[in-house]
Amino acid sequence: MRIVVDLNRCQGYAQCVFFAPDLFELHGEEALLYDPAVPEERLEAVRQAAAACPVQAILVGEEVSSRVR
Amino acid sequence: MSDDLREGRIVIVGASLAGLRAAETLREEGFTGSLTVVGDEPHPPYDRPPLTKQVLLGKAAATAVGLPMRRDPEAEWRLGVRASGLDTVEKQVLLADGESLPYDRLLIATGTRARPWPDAEQGALDGVFTVRTVDDAGRLAERLDAGPSRVLVIGGGFTGSEIASACRERGIEVTLTERGAAPLVGALGGVLSIFADRLQRHHGVDLRCGVTVTALRGDGHGRFTGAELSDGSQVEADIAVVALGAVRNTEWLADSGLAAGPRGVACDAGCRAFDMYGIVTDDVFVAGDVSRFPHPLYEYQMMSLEHWGNAVEQAKVAAHNMANPGPRRRPHLSVPTFWSSQFGLNIKSVGVPTFSDHLVIAQGSLEQGRLVAVYGYRGRITAAVTINMAKWLEYYRHLIETAAPFPPAPEAADRSAAASFPIHSDVPDPAVLSHGPTVTLTGHLPDRRLTRVWPTG
Ligand SMILES: Cc1cc2nc3c(=O)[nH]c(=O)nc-3n(C[C@H](O)[C@H](O)[C@H](O)COP(=O)(O)OP(=O)(O)OC[C@H]3O[C@@H](n4cnc5c(N)ncnc54)[C@H](O)[C@@H]3O)c2cc1C
Ligand code: SF4
């Protein structure tokens, strides 16, 4: 699974960092850095992070590669 | 009529951010026909912004940036094959492998590529890079892992500045050259570029502004060893990153009869392409970095935006309009937004900072390293840029959308003392920059020239 964060929307509230500090980190005061590749065992934490984001900036989904025909 | 538009054959050329988001939206809009997405890269759609951030910092693998789908667009993906031409009369896309794909409606989303170093032989030296694709970023990240003695970054726009930032954070020596007076001057104007200048020097970048790189040197065995600058000095380095802006991928449309060229493919506010006579088509649509479209907030000038958010928003509008008849169509009016992170700072903008004559620092200050700069043109707010004060952007977006007067009224409690003194925004002519502008206004303001078109190289 992959994530992408709409950083135009992200306000640096850091709720996601709280749920999955191994995948989301604040770089300086406000700039969010994240690992786009979600290991299977962290999927639940990432879903919680996405649900907790106050501006709904985190999209979790399958990447296209698994569907290329 | 509306049923017809939900059926038939749609082809999307360009399998990246705009192409994927448009494909998803077509299905959300009830399109049940056949959908084919053509992309010349072998990779499925991936996200480019992390390439100069997480990937160069070594925090994410270049192979990890695949874009998640919002939903499965149930498309046929034709990856690794280039569209080589377009026949708008027979309504088919010609592919480089000789096949042709018939369509009822077409979306052009071929984006841009990195502007290469002008001298092909020098550009081919081992150690010379551009960063646009995962392959570029993956190879550069590997070289950075090997601990180069110095990296030369050519061009001080957002991309070049982010690359310099990633190198410094990894303890790698960096020289950055910029033809303009300071980094980011082309995007943010003179005042904030002074801030960017200080920021880079503070983080140990060997910054050379007002100079150009005149030649890249090799060791005689095809390895890059350094560069000559226009001031007569030389830089020894084992990697050079060419960050001279982008070239729009429109060559494949040269014989299509569409209004396509180095400035992009012109379209109307509903994303429908214009033909070369300026007549709007109704079966060819455009979205993302390759497009140029009129924006009512900026005097209907034709704008090209190399912005992630624009690719997403415009793709959704284009897809909606491809699946809906005239009266139900929507215009693409969203206010441009952009972010960059570099040297630990979050730089965001809303509106078009280069469309300005004055600015005020409304909150914070250059000294505090956090601020809101509000830009105005002829007494109206046209843009705002925040550095580590992103929470203010929504407020100023609303003021921009409602054409609020400039300088802004004293609403904000923590307004800075400088807020009442508009200063000249000092936006340079793009011709003086190393890198291409990431926002191009292709119309003309009476008092300024804001466009420059390079021959494709
Ligand atoms: C390193 C980097 C960092 C960035 N950082 C930011 C940032 O921080 N913030 C921000 O707002 N924006 C950023 N951007 C810009 C953002 O990534 C782009 O705006 C976005 O990728 C545009 O998407 P697109 O789909 O329109 O075009 P593109 O992503 O350029 O995709 C076009 C696709 O079409 C393919 N193609 C071209 N010609 C053909 C052809 N003839 N046939 C078939 N396929 C073809 C291309 O190979 C490419 O895969 C960054 C870009 C880069 C490169
Ligand atoms: S929770 Fe949402 S707004 Fe907050 S830092 Fe994460 S992505 Fe950004």
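Here the structure is a predicted model, which is why all the values come from computation and not from measurement. Both backbone and side-chain heavy atoms feed into the values below; hydrogens, waters and symmetry mates do not. Lettering follows sequence order; numbering is per chain, from 1.
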**Q** For B:A64 and A:P36, work out which heavy atoms get closest and say how close.
**A** O-CB, 3.2 Å
**Q** Given side-chain contact (heavy atoms from CB on, under 4.5 Å), test A:E29 with B:R370 step by step and report yes or no.
**A** CA-CA 10 Å; A:E29 281 173 46; B:R370 55 210 310 272; 3.5 Å; yes
**Q** Please flag which part of B:T63 lies under 4.5 Å from any non-hydrogen atom of chain A: side chain, backbone, both or neither.
**A**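 Only the backbone of B:T63 comes within 4.5 Å of chain A.
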**Q** Please round to the nearest 0.5 Å and tell me the distance separating atom CZ of A:R9 and atom NZ of B:K348.
**A** 11.0 Å
**Q** Given side-chain contact (heavy atoms from CB on, under 4.5 Å), test B:L67 with A:V64 step by step and report yes or no.
**A** CA-CA 7 Å; B:L67 276 167; A:V64 172; over 6 Å; no
**Q** Using non-hydrogen atoms only, which part of A:Y13 is less than 4.5 Å away from chain B: side chain, backbone, both, or neither?
**A** neither
**Q** At a 4.5 Å cut-off on heavy atoms, which part of A:L59 comes close to chain B: side chain, backbone, both, or neither?
**A**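 Both parts, heavy atoms under 4.5 Å.
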**Q** Just do the side-chain contact (heavy atoms from CB on, under 4.5 Å) check on B:F338 and A:L7 with the steps written out, would you?
**A** CA-CA 8 Å; B:F338 179 84; A:L7 291 172; over 6 Å; no
**Q** Is B:E169 in contact with chain A via its backbone, its side chain, both, or neither, using a 4.5 Å heavy-atom distance?
**A** side chain
**Q** Whether the side chain of A:E63 engages the backbone of B:P44 through a donor-acceptor N/O pair (distance < 3.5 Å, no angle test) should be reported.
**A**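 No; zero donor-acceptor contacts below 3.5 Å.
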**Q** Of all heavy-atom pairs between B:A60 and A:D35, which one has the smallest distance, and what is that distance?
**A** CB-OD1, 4.0 Å
**Q** With a 4.5 angstrom heavy-atom cut-off, is it the side chain or the backbone of A:V38 that approaches chain B, or both, or neither?
**A** neither
**Q** Which atom names give the shortest non-hydrogen contact between B:P68 and A:I3, and what distance separates them?
**A**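 Scanning both residues, the minimum pair turns out to be CG-C, 3.8 Å.
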**Q** Give, for atom CD of A:Q11 and atom NZ of B:K391, the distance between the pair rounded to the nearest 0.5 Å.
**A** 10.0 Å
**Q** CG of A:N8 to NE2 of B:H307: how many Å apart, nearest 0.5 Å?
**A** 9.0 Å
**Q** I'd like to know which of B:N388, B:L393, B:V55, B:L20 tops the heavy-atom pair count under 4.5 Å against chain A.
**A** B:N388
**Q** Measuring from A:H27:NE2 to B:L57:CG, what's the distance to the nearest 0.5 Å?
**A**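 Rounded to the nearest 0.5 Å, the NE2-CG separation comes out at 5.5 Å.
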**Q** Side-chain contact, heavy-atom cut-off 4.5 Å: A:L32 with B:W339?
**A** no
**Q** Between B:K59 and A:E25, is there a side-chain N and carboxylate O pair less than 4.0 Å apart?
**A** yes
